[in-house]
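In what follows, a single structure is set out as structure tokens and then discussed.
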Amino acid sequence: MKKNIAILGSTGSIGTQALQVIDKLSDKFNVVGLSAGNNISLLTEQIKKYSPKWVCTASKDFAMVLKKTFNNINIVYGDEGLNEIAALKEINLLLVAVSGKIGLKPTITAIKNKKDIALANKETLVMAGDIVMKLAKENNVKILPVDSEHSAIFQCLSNRSEVNRLIITSSGGPFRNSTIEEMEKADLSEALAHPRWKMGRKITVDSATLMNKGLEVIEAHHLFDISYDDIKVVVHPQSYIHSAVEYVDGSIIAQIGIPSMHIPIQYALTYPERTRGVETESFDFIKAAKFEFYEPDLIKFPSLALAIKAGKTKGTATVCLNAANEEAVFAFLEKKINFLDIYKITKSVYDNYKPIQNPSLEQILSEDELIRKITQEKINNMRQR
Ligand code: NDP
Ligand code: MG
């Protein structure tokens, strides 16, 4: 039987690669829903190709434009629109591939409606991992990781009680070999020049500060219910080992392959099956030749340590980390601040914040809003100086 899938963020890096996977496996999937932010021309092409029953855009204006061309499709918009798609009776699987905090609410809606989730959006677990994982358990819903490291761990994990620790690999990002002085002067194009992965702009900047790795540690803590002290980050510039699980007997099971997001996306979509898909070439160990490993440099990349500290602090500490970082990254993308200011701002907002323990979803969302305002003020003050 075909799976009915809806994709939130179909015009993004993950969304478009997911559609490439679906193109190869068209006998396995019906695309029932698509959603985009502002890229209406690509969304229009996707609607023509996949004929979804439901479509969501970020704004009402875009929805109105699409309604003129596609009058037989349900076109919704905004956060409410994402929620409507997440709740659709006819979908079995929701791919959450929007970036940032907007992924949280539709993920929760889908879980409450007993839809399995292919989760790319890491901010969801960083903001509300306890609530999301508890709800998933209560509703017997699968959270299938799309993030390559978490897909790797998911694939290597068998008996949870025999796990000693998780090893999360990191490419080290574009500034792995740069000095702090070089990073101070780094412009947007340098920060966006990721050596291994072609991704959306927010996650690419997070990969340059290594905040992305910190968010992934928090994501892994929630997904696999493992303590922070049992998660080890290792820099592996080649990105062939996507992550690994070390068992109590000393055995390490790693997931290896070419650095391609098609593979983890596909596994989340076809789980529990494996099937031939977009990537058909065998991994060439001889050509790969070198597998290097380094300790992450926490002096150059303090964001990683800050994220782990926030994770251990629990409660809304990670909401603060995520919101302050997201706002600072947006400011860097708009060329309002320098690369190293992203950490300085995030750290300063974080240090002045008192986290709430065991927050409700409402508290998470209101704290998120408050922290964003504080961060924006800080950015504006910094620019006026
Ligand atoms: P992109 O920026 O490439 O794509 C984001 C998607 O979200 C786009 O479709 C965009 O629409 C949509 N979107 C953005 N803002 C809104 C909004 N306000 N309302 C509705 N839709 C919106 O990001 P990525 O695909 O790179 O990343 C998506 C998520 O997956 C992130 O959380 C990231 O951390 C995670 N992830 C990504 C990986 C990757 O390889 N790219 C790897 C692992 C995790 P539009 O473009 O039309 O404006
Ligand atoms: Mg990743």
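First listed ligand is number 1; within each ligand, the first listed atom is number 1. Values below: every heavy atom of this structure, side chains too, minus hydrogens, waters and symmetry copies.
- Stacking of Arg160 on the aromatic ring of Phe224 is not recorded, the 6.0 Å distance cut-off and the 45° axial limit not both being met.
- For the atom pair Glu184 CD and Leu340 CG, the distance stands at 4.5 Å (nearest 0.5 Å).
- Contacts between Ser13 and ligand 1, counted as non-hydrogen atom pairs separated by less than 4.0 Å, involve both the backbone and the side chain.
- If you check which protein heavy atom lies closest to atom 6 (C) of ligand 1, you get Ala97 O, 3.6 Å.
- With respect to atom 47 (O) of ligand 1, the closest heavy atom belonging to the protein is Thr11 OG1, 2.7 Å.
- Among the heteroatoms counted here (N, O or S) of Glu216, OE2 is the one nearest to the Mg ion (ligand 2).
- Set against the non-hydrogen atoms of Ala58, the atoms of ligand 1 under 4.0 Å away are 19 (N).
- The distance from ligand 1 to the heavy atoms of Met261 drops below 4.0 Å at these ligand atoms: 40 (O), 42 (C).
- Under the 3.5 Å distance criterion, the side-chain polar atoms of His194 are left unmatched by any main-chain donor or acceptor of Gly173.
- The shortest side-chain heavy-atom distance between Leu93 and Lys115 does not fall under the 4.5 Å cut-off.
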Check the pair Leu88 / Trp54 against side chain to side chain contact (heavy atoms under 4.5 Å, CB included), numbers first and verdict last.
-> CA-CA 9 Å; Leu88 287 179; Trp54 290 77; 3.3 Å; yes

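- Neither side chain, Asn4 nor Glu90, offers a donor N or O lying under 3.5 Å from an acceptor on the other.
- Note: Phe301 and Phe175 fail the aromatic proximity criterion, with ring centroids not under 6.0 Å apart.
- Linking ILVMFWY side-chain heavy atoms closer than 4.5 Å, directly or via other members, places Ile263 and Met199 in two distinct hydrophobic clusters.
- Ligand 1 has no nitrogen or oxygen under 3.5 angstrom from a nitrogen or oxygen of Gln17.
- When all heavy atoms of Pro174 and Ala191 are compared, the pair lying nearest together is CG-O, 3.8 Å.
- For the residue pair Tyr353/Thr316, the side-chain donor-acceptor check at 3.5 Å is satisfied.
- Under the 6.0 Å cut-off for aromatic ring centres, Tyr77 and Phe62 do not qualify, their centroids lying 6.0 Å or more apart.
- Within 6.0 Å of CD in Glu292 there are more than 12 heavy atoms belonging to other residues, nucleotides or ligands.
- Remark: ligand 1 atoms within the under-4.0 Å shell around heavy atoms of Gly9 are 6 (C), 7 (O), 9 (O).
- Of the angles at the Mg ion (ligand 2), the one spanning OD1 of Asp147 and OE1 of Glu149 is 90° when given to 10°.
- Here Ile102 has side-chain heavy atoms under 4.0 Å from ligand 1, and that is the only part of it that gets that close.
- Checking only distances, Arg201 never comes within under 3.5 Å of ligand 1, N or O to N or O.
- Those atoms of ligand 1 that come under 4.0 Å of a heavy atom in Asn39, given as number and element, are 45 (P), 47 (O), 48 (O).
- Looking from atom 48 (O) of ligand 1 to the surrounding protein, the closest heavy atom is Asn38 N, 2.8 Å.
- Distances from atom 44 (C) of ligand 1 to the heavy atoms of Gly200, Ser99, Ala120 put Ala120 nearest.
- Considering backbone and side-chain N/O atoms, Ser35 never comes within less than 3.5 Å of an N/O atom of ligand 1.
- At least one N or O atom of Ile14 sits closer than 3.5 Å to an N or O atom of ligand 1.
- Contact annotation for Ile203 and ligand 1: only side-chain heavy atoms (C-beta onward) come within less than 4.0 Å of the ligand.
- Between the Asn121 side chain and the Val98 main chain, a donor and an acceptor come within less than 3.5 Å of each other.
- Here the protein heavy atom with the shortest distance to atom 32 (O) of ligand 1 is Glu123 OE1, 2.8 Å.
- Under the salt bridge (charged side-chain N to carboxylate O under 4.0 Å, His left out) rule, Glu326 has a single partner from Arg372, Arg201, Lys101, which is Arg372.
- Annotation: atom 12 (C) of ligand 1 to nearest protein heavy atom, Gly37 N, 4.0 Å.
- Nearest non-hydrogen protein atom to atom 34 (O) of ligand 1 is Lys122 CE, 3.3 Å.
- Residue Ala36 has at least one heavy-atom neighbour below 4.0 Å for each of these atoms of ligand 1: 11 (O), 20 (C), 21 (N), 47 (O).
- The protein non-hydrogen atom at the shortest distance from atom 29 (C) of ligand 1 is Val98 O, 3.3 Å.
- Considering both main-chain and side-chain atoms, Asp147 never comes within under 3.5 Å of ligand 1 through any nitrogen or oxygen pair.
- With a 4.0 Å heavy-atom cut-off, ligand 1 is reached by no atom of Lys202.
- The closest side-chain heavy-atom distance from Phe339 to Asp187 is not below 4.5 Å.
- Around atom 4 (O) of ligand 1, the closest heavy atom drawn from Gly78, Gly12, Gly81 belongs to Gly12.
- Considering backbone and side-chain atoms alike, Lys198 places every N or O at 3.5 Å or more from each N or O of ligand 1.
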